[in-house]
Amino acid sequence: MIDWVADYWASLAARRVTPDVRPGDVRSQLPPRPPESPVPLADILADLDRIILPALTHWQHPAFFGYFPASASGPSILGELLAAGLGVQGMLWATSPACTELEAHVLDWLRDLLGLPKRFASAGAGGGVIQDSASSGVLVAMVAARERATARRTNAGGVTASAAPLVAYASVDAHSSVDKAAGIAGIGRDAVRKVPVDGLGRMDLPALAAAVHADVAAGRRPFFAAATVGSTACGAIDPLPAIAEILAPHSAWLHVDAAWAGAAAICPELRGAVVAGAERADSWGFNPHKWLLVNFDCHALWVSDRQAVVSALSTKPEYLRNAASESGAVIDYADWQVPLGRRFRALKLWMTLRMLGAAALREHVRRHVAWAREFAALVAEDPRFELLLAPNLSLVCFALTAGDDATRELLDRLNATGRCLLTHAHVGGRYAIRMAIGGATTGRDDVLATWRLLASLA
Ligand code: PLP
């Protein structure tokens with residue numbers, strides 16, 4: 001099976017990036033009932049080649065430039081294999097101590113590598129945890145924030161305060177997972193104030209201040225704000241220090257969603273803007289599975305006050321009670337997430353960090369940032385194209401000067417070739433093509449070839 005995966009990787013460049021299939025094509029080739037007796041592995045591999053591969057979007061393809069990358073690497077794949085092979089369930093420290101301790105430890109390593117503040121270290125009141133995704137990260141943060149706000153309300157005992165509806169803030173370009181979290185947490189999607197962005201896609205500070213002021217004047221309680229570091233549309237970084245300043249009088253929980261861009265903090269020269277203001281955040285999360293060569297799923301979330309999360313999410317059914325938990329000396333990660341059970345995800349992070357080393361991860365990020373600048377320069381030099389923003393890290397947003405319809409049509413024709421995949425966003429009211437560089441197999445030649453293809457189709 002490992003050989004099959006290696007052959008697949010070797011075959012990627014020769015494949016179409018996206019499949020040419022219609023709804024139902026895959027299911028129509030599958031038998032209606034499962035087999036009664038074992039099927040030889042050779043037959044299963046043949047079906048993978050015949051039925052599954054032709055209907056995949058190849059996220060590890062060197063010319064995959066859509067969305068944001070979903071990483072994979074040899075070391076991380078081996079970590080996944082180990083996790084499956086060991087088959088442990090790490091809901092509590094007691095259910096597999098190494099599962100918990102390795103996770104706490106590699107997240108301390110990672111915090112250090114990214115230059116995140118000490119308040120997120122497990123040696124103090126904070127700590128890190130691996131969630132499945134950034135969406136779970138923001139949900140956990142919001143539930144902890146709600147708990148904190150509610151408890152304070154209860155303690156204060158004031159009639160006005162206890163009646164105050166909770167409101168949250170995020171920019172219009174924040175990820176839709178903030179809305180989803182507000183719905184799930186019972187705050188309500190309409191309680192998320194969508195703050196406009198400035199010309200560079202960053203949360204507009206006067207608009208935030210005005211929204212907070214209006215809410216407080218109307219008797220509402222600002223309890224949560226999500227700052228985006230690396231927006232999905234164009235990679236914009238919200239001004240976290242100023243956001244923290246505006247929300248400070250209200251003790252709102254400040255969450256940072258650095259799902260994609262957070263990985264860049266591993267490079268000291270790129271770190272400044274990415275971690276600016278992190279010392280004022282209550283939670284800070286990014287996806288090593290996006291740009292740091294760790295396989296999906298792996299979201300690293302740090303909190304400065306782990307007790308806030310535990311008091312919101314802890315449950316103590318009798319059958320899980322044990323001496324280690326009761327001693328208070330251990331982490332029970334079930335209390336830091338929505339599900340009870342959990343996979344041994346730390347293994348793939350540990351394997352990636354150890355087998356590649358931090359220097360190789362830095363080079364991985366640096367190369368992509370350099371190629372994005374090169375690609376952006378080519379766009380800027382061609383009079384038919386317009387660079388809509390200077391590249392943010394390794395994301396380039398551009399359009400045809402001929403307008404939105406022409407740009408949309410160019411993107412459709414480009415992707416129809418099957419030779420690359422790029423996706424779109426709205427940037428400054430314009431239809432933009434996004435070139436998101438960050439794949440594990442991508443080389444400079446793939447970036448330049450994609451530019452040549454674009455230029456020839458324009
Ligand atoms: N936040 C940002 C800024 C994103 O770009 C994305 C996805 O691309 C997400 C959150 C959601 O990520 P996940 O799939 O890990 O929930």
Side-chain angles (χ1 to χ4, degrees), residues 57 59 64-72 76 128-143 168-185 189 192 194-195 197 200-203 224-240 243 254-265 273-275 278 281 283-302 337-339 343 345 348-349 368 389 391-397 421-427 432 434-439:
T57 295
W59 282 69
F64 182 99
F65 300 114
Y67 312 103
F68 282 131
S71 278
S76 180
V129 58
I130 301 178
Q131 306 278 335
D132 52 2
S133 70
S135 303
S136 296
V138 69
L139 175 61
V140 165
M142 196 180 284
V143 169
Y169 305 86
S171 91
V172 286
D173 277 358
H175 193 262
S176 53
S177 50
V178 179
D179 294 341
K180 196 188 250 190
I184 298 170
R189 292 185 181 201
V192 181
K194 294 298 178 50
V195 183
V197 292
L200 297 177
R202 303 169 304 192
M203 190 188 282
F224 184 87
T228 308
V229 169
S231 66
T232 317
C234 66
I237 296 180
D238 285 338
L240 185 56
I243 293 171
L254 194 50
H255 175 71
V256 176
D257 173 7
W260 161 71
V274 176
V275 306
S283 49
W284 201 99
F286 90 109
N287 289 349
H289 73 228
K290 276 191 161 59
W291 196 9
L292 220 52
L293 293 173
V294 180
N295 275 64
F296 192 85
D297 50 357
C298 182
H299 173 72
L301 176 72
W302 288 274
Q337 61 174 23
V338 174
R343 308 173 57 223
R345 290 194 189 92
K348 59 186 168 187
L349 196 47
H368 299 151
L389 288 174
N392 275 315
L393 299 169
S394 64
L395 178 62
V396 187
C397 292
L421 177 70
L422 278 71
T423 52
H424 77 279
H426 286 118
V427 175
R434 294 166 76 260
M435 173 83 175
I437 303 173

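All ligand and atom numbering here is 1-based and tracks the order in the structure.
- Using a 4.0 Å cut-off between heavy atoms, H289 contacts ligand 1 through its side chain alone, with no backbone atom that close.
- Note on ring orientation: taking the six-membered ring where Trp is involved, the planes of W284 and W302 are tilted (angle from 30° to 60°).
- Taking a cutoff of 4.0 Å between a charged side-chain nitrogen and a carboxylate oxygen, K194 and D179 qualify as a salt bridge.
- Interface atoms of ligand 1 facing A259, defined by a heavy-atom separation under 4.0 Å, are 1 (N), 2 (C), 4 (C), 10 (C).
- Applying side chain to side chain contact (heavy atoms under 4.5 Å, CB included) to V138 and the options V143, V178, V256, L301 leaves one that passes, V178.
- Taking atom 15 (O) of ligand 1 as the reference point, the nearest protein heavy-atom neighbour is A134 N, 2.8 Å.
- Ligand 1 has F68 within reach: a non-hydrogen atom of the residue lies less than 4.0 Å from it.
- Ranking protein heavy atoms by distance to atom 5 (O) of ligand 1, first place goes to T232 OG1, 2.9 Å.
- Within ligand 1, the atoms closer than 4.0 Å to a non-hydrogen atom of G230 are 3 (C), numbered from 1 in the order shown.
- S135 OG, 2.6 Å is the protein heavy atom nearest to atom 16 (O) of ligand 1.
- In Y67, the OH atom is not crowded: 12 or fewer heavy atoms of neighbouring residues, nucleotides or ligands sit closer than 6.0 Å.
- By the 3.5 Å distance cut-off applied to N or O atoms, D257 is counted among the residues near ligand 1.
- Nearest to atom 7 (C) of ligand 1 among the protein's heavy atoms is K290 NZ, 3.2 Å.
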Decide yes or no on side chain to side chain contact (heavy atoms under 4.5 Å, CB included) for S136 and H299, but give the supporting numbers first. CA-CA 8 Å; S136 296; H299 173 72; over 6 Å; no
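- In this structure, S231 falls outside the shell of residues with a heavy atom less than 4.0 angstrom from ligand 1.
- The only member of W260, F286, W291 that meets ring-ring contact (aromatic ring centres under 6.0 Å, His included) when paired with F68 is W260.
- Taking atom 6 (C) of ligand 1 as the reference point, the nearest protein heavy-atom neighbour is H175 CD2, 3.2 Å.
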